[in-house]
Amino acid sequence: MPVETSQVDRRELLRRAAMLLGGTVSIGTTMGVLSGCSVFPDGQSTPASAPVAGRFLSAEEMQIASAMADQVLPRTDTPGALDVGVPAFIDRLLADFHPEREKAILRAGLARAQVEARAEHQTAFWALPAPQMTALMTRYDQEAFDQSRRTASDIDPPPHFFRMMKEMTTVGFFTSETGASKVLKYAAVPGPWKADIPYSDVGRAWAT
Amino acid sequence: MTSLKDRSRAERTFDAIVVGSGISGGWAAKELCEKGLKTIVLERGRGVKHVADYPTMMMDPWDFKGPGGRLPKEELDTHYAKQQRTGYTVTEATRHWWVKDDEHPYEEKQRFDWIRGYHVGGRSLLWARQSYRWSEMDFEANAREGVGVDWPIRYADLSPWYDYVETFAGISGQAEGLPHLPDGKFQPPMAMNAVEKVFKDKVQDRFAERRVTIGRVANLTEATDEQKKLGRGTCQNRNLCIRGCPFGAYFSSNSATLPAAERTGNLTLQPDAAVTSILYDATTGKAVGVRVLDTTTKDEVEVYAKVVFLCASALGSTWVMLNSSSSRFPNGLGNDSDQLGRNVMDHHFMVGAQAEVEGFEDRYYSGRRPNGIYIPRFRNLGDQATKKDFVRGYGYQGGGSRSSWQRLVGEMGFGAKMKEQLMNPGAWSFGINAFGEILPHPDNRVTLNKAAKDVDGLPTLTMDVRIRENELAMRKDMQASAMEMLETAGFRNVRGYDRPYGPGLGIHEMGTARMGRDPKTSVLNGWNQVHACKNVYVTDGACMTSSSCVNPSLTYMALTARAADHAVNALKRGEL
């Protein structure tokens, strides 16, 4: 069960979920996502039940993206990417926000991860043991870093798929209620402006 | 409310008409109503009630669909091709405030960024709230340098009106005693953070003529009884002002001047009413009213009054005048000088510097201060030491802050370790951006385009404006001085920038119906009256004879209050 579920009432949850999903999906689909059937509960790297396709990502792509998001921001002593529904967020961004070029890059990147996992370890990407999965992701991370340095002065260079994954995971996580207010610190109405105080008085980074 | 069309002529007759409900229109309404005039405010856009019509004001980051509240590119390109040029204004949280460019087009001979909001309150809901007085130096500059025409007023004419509008609006700031940036009636200043204080000390130690102060901003830091009576409260440091403030903590027409006008019982506020022209009576030499298009029904109707205040924004009011031709004024109302639509000014910016700041890891802040630091103009102050190879000057807005979770996306690494790092703030950084004066030039011009119509079937504008030699020379100094100051402060990795600036992007359009002493070379006199049609006052940015380098809204407030006082007295004397 996602962390947020235990802390807000059901109606509020549905409202937020409808918002998160763009208000374009049926209650049935919303409940499906909320019950965790399209993401892996408790940060497991294998799906608990049959994977579900998103609006842009296929069921298989959704599984790969979920596994990556889980590695980028895992659950530690605080919630992680899967606890706040990052995979659904990524799917929605791809469906509603990204231009065709970026969609194609991301799709090709996920396919490549699957091909390389099978070629090098004879298993699906999402079934890789953590050390192999992070090794593969570190390769992509290095490529993404090198590519962004190489193209820094280009106008609108194509992004690396892993940079996109990291960005979408991070944005989705830290703009979620849990990411912003439980992992970071968030004040909807701060009140007085305290301009210069010891960091220890705050103790965490402000989300906004 | 009965629609205007269904009202009798007597019911469409008022003492005063105010066209537009933004910063200037709100002030005109307040002053005219408080002085006893039955006043109708005609606003071309929809109605917006304070608080009730701020749909996104309490939304949290997770309430938005787009990443960080961004809108899909397709929606931006379809409806907000020009409005989105600011890069920050059109978001999921704010899109309802901006005009759709496909509905309200204009022609660009050269890039021109006309960023607009058509609704009750206009851009007073959306402004950056920086509020600075003009100085004597600003009013004298044109005459001294032989640029444009001389202002018909001086600082002393406006100073008491600055006192008056600041006290009502509520401006927070620090008195500095500078002749070129006069102090005002301030509420307590907002404080500087750890690195801003260091920057201030080091810059002021090294440069005697430079001052680093906190921004002067129209957010209440200590609401007065007068403000509390209007339902306004002290700023809660959310820095979400642009969505509309549930506390009424920043000055807008909706939070302050319109409620003040309304409680007099003299106000009629009419949204969805686009004024298309001024009705001029050649026999009396006066305006008798305005022609109005009901944008919902497309009905046209006339509204009458003894005096008309044009406060539809610089280019909006200019459009109304250009569209008001008669046998007496074939080229637009009051356009004997051919200056109507000329001398477009703005503030040029997108030039400055950024740096990283070492240390201060044990310092932080709480709250989101809706304000930054300000460095007043320090060039061409009248002495030899500050004289440069350009005229006029520029000021900087900026500040320091600690980086947040966004910082590691472009770096190597992921996983539990990165997550742990992102739970703490990153290093401090610092940036200052310059805002420079633009000189009036007759060839910087907007004209009426009758061939292209907007969504309401009304003629549109064609813009032909560019920055010229003086501004380009100034930009070099704006960047160099920014870098010099960040280096002086001991910051590292100082990077200057000079990015493409489109006129209008400062959202400070000015000058297209300028004030002056001579009807042959100006449109308005020293009381903001149209020289040749004295019961029409223009008190928005159109009236500006030069542009200074400071944000102009406070000056529109003062000019409007002064003009309203003049109009009421002139009516009493039977002069209008």
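In what follows, chains are A, B, ... by sequence order, proteins preceding strands, each numbered from 1.
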Practice prompt. Examine whether an atom of F162(A) lies under 4.5 Å from a heavy atom of chain B, and if so say whether it belongs to the side chain, the backbone or both; otherwise answer neither.
Written response: side chain
Response to the item:
Cut-off 4.5 Å, heavy atoms of chain A, and the answer for R70(B) is backbone
Discussion item. Nearest 0.5 angstrom please: E361(B) CD to R402(B) CZ, how far?
Written reply: 6.5 Å
Worksheet entry | Under 4.5 Å from any heavy atom of chain B - which part of I197(A) | both
Worksheet entry | Top contributor to chain A interface from E420(B), R369(B), M418(B) [non-hydrogen pairs under 4.5 Å] | R369(B)
Worksheet entry | Part of M423(B) within contact of chain A (heavy atom distance under 4.5 Å) | both
Worksheet item: Y374(B) ring centre to R216(B) NZ or CZ under 6.0 Å, with the angle to the axis within 45°?
Response: no
Item to complete: Could you give me the CA-CA distance, side-chain angles and deciding distance for W206(A) and R368(B), then say whether side-chain contact (heavy atoms from CB on, under 4.5 Å) is met?
Response: CA-CA 10 Å; W206(A) 292 111; R368(B) 298 182 292 275; 5.8 Å; no
Fill in: Check: Y54(B) ring centroid to H50(B) ring centroid under 6.0 Å
yes
Item to complete: For chain B, find which of P192(A), A180(A), S148(A) contributes the most heavy-atom pairs closer than 4.5 angstrom.
Response: P192(A)
Worksheet entry | Cation-pi geometry met for R363(B) and F360(B) (6.0 Å, 45°) | no
Worksheet item: Cation over ring, R204(A) on Y186(A), under 6.0 Å and within 45°?
Response: no
Worksheet item: If you tally heavy-atom pairs under 4.5 Å against chain A, which of G410(B), P246(B), S403(B), S404(B) wins?
Response: G410(B)
Worksheet entry | Structural part of T138(A) lying under 4.5 Å from a heavy atom of chain B | both
Worksheet, complete the sentence: So, the part of M137(A) with a heavy atom under 4.5 Å from chain B: the answer is both
Fill in: Where K185(A) and D201(A) come nearest, the two heavy atoms and their spacing
NZ-O, 4.3 Å
Practice prompt. Would you mind checking which part of L422(B) comes under 4.5 Å of any heavy atom in chain A, side chain (CB onward), backbone (N, CA, C, O), both or neither?
Written response: both
Worksheet item: Relative to chain B, which of T208(A), V202(A), L73(A) shows the most heavy atom pairs under 4.5 Å?
Response: T208(A)
Item to complete: Against chain A, label E411(B) side chain, backbone, both or neither, depending on which of its atoms sit under 4.5 Å from a heavy atom there.
Response: both
Worksheet item: What residue, out of G69(B), G426(B), A416(B), has the most heavy-atom pairs lying under 4.5 Å from chain A?
Response: A416(B)
Discussion item. Within 45 degrees of the ring normal and closer than 6.0 Å to the centroid, is that where the cationic atom of R107(A) sits relative to F56(A)?
Written reply: yes
Worksheet item: Quick one: what part of D362(B) sits under 4.5 Å from any heavy atom of chain A, side chain, backbone, both or neither?
Response: backbone
Worksheet item: What is the ring orientation for Y365(B) with W428(B), classed by angle as parallel under 30°, tilted 30 to 60°, or perpendicular over 60°?
Response: perpendicular
